2 protein chains.
Amino acid sequence: MSNLQKILSHAERQCHANGSRLTEKRKKVLSGLLQSDRALSAYELVDYCNKTYDETFAAMSVYRILEFLEQEQLVHKLNLANRYVACVHIACDHQHEVPQFLICTDCQRVKEFSISRSTLGSIKRQVEQARFQLVSEQIELNCLCGSCAAA
Amino acid sequence: MSNLQKILSHAERQCHANGSRLTEKRKKVLSGLLQSDRALSAYELVDYCNKTYDETFAAMSVYRILEFLEQEQLVHKLNLANRYVACVHIACDHQHEVPQFLICTDCQRVKEFSISRSTLGSIKRQVEQARFQLVSEQIELNCLCGSCAAA
DNA sequence: GTTGTTATGTTACAACATATCATTTCTAAA
DNA sequence: TTTAGAAATGATATGTTGTAACATAACAAC
Ligand SMILES: [Zn+2]
Ligand SMILES: [Zn+2]
Ligand SMILES: [Zn+2]
Ligand SMILES: [Zn+2]
């Protein structure tokens with residue numbers, strides 16, 4: 001059983017536990033993200049699926065599927081790049097905390113990581129001082145990855 | 001002389017000092033942002049200008065003008081919201097540092113502020129540990145403003 | 001005044017995203 | 001096992017954001 005298959009099965013069980021279903025189409029979209037080493041746009045996934053599976057994926061469906069996968073925490077939406085990535089913790093059993101992302105603006109490679117509690121705490125304090133409140137702790141930063149920075 | 005007029009003159013002098021020109025069209029787009037209490041999309045500015053000035057502003061022109069105004073640091077582009085705001089320091093003489101933004105996802109009001117040096121420092125260190133590097137210190141956070149949070 | 005540069009006009013299109021209503025598939029109760 | 005309701009997908013249209021490419025106009029320097 002390939003690693004991809006293992007991850008998909010794990011994801012399927014997890015959905016089932018949540019009372020939702022990881023359908024064939026949803027699996028195929030998720031596979032597209034799992035096999036990519038960089039963030040993909042919804043339309044890139046449409047193209048990928050149409051080419052790979054010789055089946056019709058309408059953009060509308062892909063957006064709906066991505067929304068579902070995001071709710072299930074299998075996928076993250078990067079608001080700064082209008083792109084999607086598979087969760088790096090997708091095969092883990094631990095509960096997922098709100099992640100932060102470093103996005104390479106050159107090649108779209110993404111690092112999903114967790115900023116330290118203390119740093120996050122000081123950000124939140126400074127936001128509160130400005131009389132705003134965070135709607136999400138998901139923070140996205142435009143970066144260069146190692147290889148793009150070297151080039 | 002109204003406050004708006006003062007700011008526009010100040011901006012004009014500043015452009016002149018930089019060897020660029022704050023043309024009539026550019027002034028009008030900038031005025032739109034100065035008179036708004038929230039971030040506007042390029043197309044909202046197109047509509048605003050067309051209605052207010054009985055003159056044709058093509059979307060293309062507005063995008064070019066916004067790019068110019070951003071270069072001159074008179075305006076900031078919010079990548080997280082695909083919107084634009086006038087710089088809150090537009091009437092200041094001090095040199096502008098890279099700002100951070102809190103964006104209300106409900107009403108698009110924006111707080112331009114500066115995160116503390118030490119917090120920014122720890123963010124940068126953690127980014128470096130992940131072998132990425134920031135392309136910009138402009139950080140944008142999705143928030144609720146005071147009044148939207150209350151409602 | 002000619003000439004090179006900057007700004008704007010114009011058209012077309014690419015890329016990203018949602019609204020709406022119809023149809024199919026699945027689930028679970030009768 | 002049928003059947004009603006829910007969930008998923010299909011299909012079409014449209015809205016929103018942004019850029020490419022080439023033409024013309026305005027301006028400044030010589
Ligand atoms: Zn994750
Ligand atoms: Zn890269
Ligand atoms: Zn500013
Ligand atoms: Zn608000």
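Note on naming: letters A, B, ... go to the chains in the order of the sequence lines (proteins, then strands), and numbering restarts at 1 for each one. No hydrogens, no waters, no symmetry mates; every other heavy atom, side chains included, goes into these values. This is a predicted model, so every value here is computed, not measured.
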Length of the CG-P vector between A/Leu78 and C/dA17, whole Å = 11 Å

Nearest-angstrom distance from the residue atom NZ of A/Lys28 to C1' of D/dT9 = 13 Å

Could you tell me the separation between the CD atom of B/Glu67 and the P atom of C/dT8, rounded to a whole number of Å?
-> 12 Å

Which of these, A/His10, A/His94, A/His76, sits in a ring pair (Phe, Tyr, Trp, His ring centres under 6.0 Å) with A/His89?
-> A/His94

B/Ser114-B/Gln100 side chain donor-acceptor pair, cut-off 3.5 Å | no

Consider only side-chain N and O atoms of A/Tyr84 and A/Glu70, and report whether a donor and an acceptor are under 3.5 Å apart.
-> no

Within less than 4.0 Å of OP1 or OP2 of D/dA8, is there a side-chain N or O belonging to A/Ser61?
-> no

Contact under 4.0 Å: B/Ser20 side-chain N or O vs C/dT6 OP1/OP2 | no

Its contact letters, B for base, S for sugar-phosphate only and - for none at protein heavy atoms under 4.0 Å, make nucleotides 14-30 of chain D read ---BBBBB-----S---

Taking atom CG of B/Asp106 and atom CG of B/Leu144, what is their separation to the nearest 0.5 Å?
-> 5.5 Å

Can you tell me if A/Thr52 uses its side chain to pair, donor with acceptor, with the backbone of A/Tyr48 under 3.5 Å?
-> yes

Side-chain H-bond candidate by donor/acceptor type, A/Glu140 with A/Gln138, under 3.5 Å = yes

